[in-house]
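Order of the sequence lines fixes the chain letters, A, B, ..., with proteins taken first and strands second; residue numbering starts at 1 for each chain. Hydrogens, waters and symmetry mates are skipped; everything else that's a heavy atom, side chains included, is used.
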Amino acid sequence: MNKETTALEETKPIEAAVMRKRRESGFRVLFRNPLAILSFLYLAGMGLAAVAAPWVAPYGPNYMDIDARFTAPGFHHWLGTDHLGRDVLSRMIFGARTTMGVSLAVVMTSALAGTALGLISGFFRKADEIIMRITDLLMAFPPLIGGLAIMAFLGPSVKNVVLALWLVTVPRVARIVRGETLVLREMTFIKAAQMMKAGTGRIMFLHILPNIMSPLVVYFTLLFAGTIMAEAGLSFLGIGSPPEVPSWGLVLSEGRYYMRNAWWLTVMPGVAIFLAVLSCNLLGDGIRDVGDPRQYGKARK
Amino acid sequence: MPLLSVRDLKTYFNVFMGTVKAVDGVSFDLERGKTLGIVGESGSGKTVSCLSLVKLIAMPPGEIVGGQALLDGEDLLTLSEKELRKVRGRKISMIFQEPMTALNPLFTVGDQIAETIRLHQKVNKKEAFEKAVEMLTAVSIPAPRNRALSYPHQLSGGMKQRAMIALAMSCHPQILIADEPSTALDVTVQAQILLLIDEFKKKYGTSVILVTHNMGVITSTADDVMVMYVGKMVERGNIYEVFNNPKHPYTVGLLECILKSTGGKHALKTMPGFIPNPINKPKGCAFNPRCSRRMSICMAEEPPVVEFGKHVAACWLYA
């Protein structure tokens, strides 16, 4: 038996080749999907514009040129002006800061907290009882109504928007993580790992977490899209970001009275929200493939 | 002195409908470097007996109610979780029925074995990986270095089971529990896997507990055999004694059910009836409703364990 295997061992050239491409980079898998590239570029462009807003935007977000009220999209104002003569493009670029910033903050913090809570309740029965009853309580509110109530209580400010949306999303993330954990815990490879001495921490972070990561990351991209919409919704209802801090929802909301004679006031932010949400969903689809080892080393189409 | 000596092990599951006595007073000895086969139908408590040894059953609802499991004079059932982790992998390790799901799908086979090695031995990543390749070589996986870089889904069922054996044997445990290691594989691969386990047994002096419902597998590999029926031991002894001279009617029945290729066409013998509901076992001997040699006492009282030297059977016929 041993002679045979040593003979087989001496397949050096193949080995070297395999060693070299031990693992294809995750980005290559992601970018095999053209829609994912487009979505990524769109979101990255938005992000960059938001970060560099003071330099990119042609006007200040609150600069008013009363003489140029309701200018249609054109050379001086690419996306037109609103009822106070403010440049819509500039307001939207600054608005991207609020909208994307809020969404990013909400998704990142609720991802961390929700994953931690979900893992804990998936593993420890007593903690599970407590955590799940609290999430039940928080999830009993319809998402927007819950956010509305919290905002009405705390008053409009960007910080409070983040807090309100966070409270709405954390229980949902925790629920998903808990569910996946409970399923995975019963898998044979978890038992096998325990049999080989692995402790709870090791099982959690080395076996459970990586295995729920790919559905989770997809959920986070959807959550990002959902948060953009929720933030826009809160701002549209007038209890989101305060008037001096533009956000896409706010621009949309301010324009709704003039929809008949100044269509660009509602269409432009609407399209921005639509594209951002669509990109998130498409990017999520691409990211799903990155987490799946079966996608690696596949021939390019 | 046997390496592992289990006495009166009782593992119950408290479920909504009542108490399932999955393992109800099972005793057996495992000798150094020998194979103990545990046979029985599905649900007879074979797997639970093995998992109870290292407390890997879900608790609750599971509960180890009583018994003793002495390994090197140390009672495994009284150990704390922390002490048990020293036993797992190092002293007792296990391979599973379904190699398809026994490996983490997100890591390469080599990485998984290397991880386990690093959990037990102080070696760096590279050394651990080399050891993993060594283990894969030892289980006769062709081109082991390449395979170490493969993900589980890239291996066939037989290869995965080999990889699983490599993983389980990577820390040279004293006891290897093989829970139906060949059931999910086709017959030729089955033979290879059993041969491989046997090889390790000879090479490292590992003792093996082989759980199966296949009598053929038991005859070809085990030294001793224990037959279980709904959580109880019905017969135990040396493989030749038990197979040539079965005492308990259940064992007799099981042996009659083996398909023989003696030429003529006769129907495959089957045993009448089903295994009883474990929550509501029949009174007396659990096997009495299906037994061809039932007596009135069988329905009233539990049978005593009768000894014929080292061969024992729990049956009223010999009391």
Side-chain angles (χ1 to χ4, degrees), chain A residues 1-24 26 123 125-126 182-203 205-215 290-298, chain B residues 51 54-56 58 60 81-82 84-90 92-108 112-113 115-117 119-120 133 136-154 164 167-168 170-171 173 177 179 195-196 199:
Chain A
M1 165 205 133
N2 274 329
K3 264 180 198 161
E4 242 179 79
T5 44
T6 41
L8 283 160
E9 266 273 67
E10 284 161 8
T11 44
K12 285 280 153 58
I14 306 171
E15 266 169 40
V18 170
M19 268 306 222
R20 233 179 289 126
K21 53 169 187 186
R22 169 158 199 186
R23 189 165 180 162
E24 205 180 348
F123 265 90
R125 275 174 168 254
K126 278 185 188 140
L182 288 178
V183 171
L184 275 168
R185 263 186 65 176
E186 301 304 318
M187 302 279 283
T188 316
F189 70 86
I190 300 294
K191 193 142 264 179
Q194 283 177 321
M195 197 71 218
M196 301 320 273
K197 188 190 175 178
T200 310
R202 205 178 184 79
I203 297 283
F205 293 107
L206 204 73
H207 294 285
I208 304 262
L209 198 55
N211 273 296
I212 58 176
M213 225 38 218
S214 59
V290 178
D292 182 1
R294 281 168 204 78
Q295 297 293 331
Y296 289 86
K298 230 190 194 176
Chain B
L51 288 175
V54 278
K55 284 196 192 158
L56 270 184
E81 179 66 22
K82 209 175 156 191
L84 267 171
R85 285 188 53 202
K86 287 184 192 147
V87 174
R88 292 179 193 154
R90 176 95 245 176
I92 301 182
S93 105
M94 185 161 179
I95 53 179
F96 296 86
Q97 177 171 4
E98 282 171 30
M100 323 304 165
T101 54
L103 293 164
N104 187 332
L106 291 185
F107 297 99
T108 61
Q112 288 187 51
I113 301 175
E115 269 299 323
T116 306
I117 292 173
L119 210 52
H120 292 271
V133 174
L136 290 174
T137 315
V139 293
S140 320
I141 283 185
R145 201 168 283 275
N146 291 354
R147 290 288 80 82
L149 301 176
S150 302
Y151 287 92
H153 73 273
Q154 294 167 324
M164 198 59 222
L167 183 69
S170 59
C171 300
I177 301 172
D179 187 2
L195 213 66
L196 190 64
E199 238 166 59

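Heavy-atom distances place no part of B:P173 under 4.5 Å from chain A, backbone and side chain included. Heavy atoms of B:M100 lying under 4.5 Å from chain A are absent altogether. Residue B:T116 touches chain A through its side chain alone, counting heavy-atom pairs closer than 4.5 Å. Heavy atoms of A:L206 lying under 4.5 Å from chain B belong to its backbone as well as its side chain. For B:I92, the parts lying under 4.5 angstrom from a heavy atom of chain A are both the backbone and the side chain. For A:R125, the part lying under 4.5 angstrom from a heavy atom of chain B is the side chain only.
Chain A forms more heavy-atom pairs under 4.5 Å with one residue of B:I177, B:L103, B:N104, B:T101 than with any other, namely B:N104. Comparing A:M187, A:R202, A:H207 by how many heavy-atom pairs each has under 4.5 Å with chain B, the most go to A:R202. Of the listed residues B:H120, B:E98, B:R90, the one with more heavy-atom pairs under 4.5 angstrom with chain A than any other is B:H120. Put simply, of B:P152, B:S170, B:C171, B:P105, the one with the most heavy-atom pairs under 4.5 Å next to chain A is B:P105.
To the nearest 0.5 Å, the span separating CZ on A:F189 from CG on B:L106 amounts to 7.5 Å. For the atom pair A:Q194 CD and B:R85 CZ, the distance stands at 10.0 Å (nearest 0.5 Å). The distance from the CE atom of A:M196 to the CG atom of B:L119 is 9.0 Å, given to the nearest 0.5 Å.
Residues that satisfy the side-chain hydrogen bond (donor to acceptor under 3.5 Å, both in side chains) test with B:E81, not counting sequence neighbours, are B:R88. Partners of A:S214 according to the side-chain hydrogen bond (donor to acceptor under 3.5 Å, both in side chains) rule, which considers only residues two or more places apart in sequence or in another chain, do not exist here.
Between B:L51 and A:K191, the closest side-chain pair of non-hydrogen atoms falls below 4.5 Å. Side-chain contact check for B:F107 versus A:P210: some heavy-atom pair is nearer than 4.5 Å.
Nearest heavy-atom pair across A:A192 and B:M164 is CB-CE, 3.7 Å.
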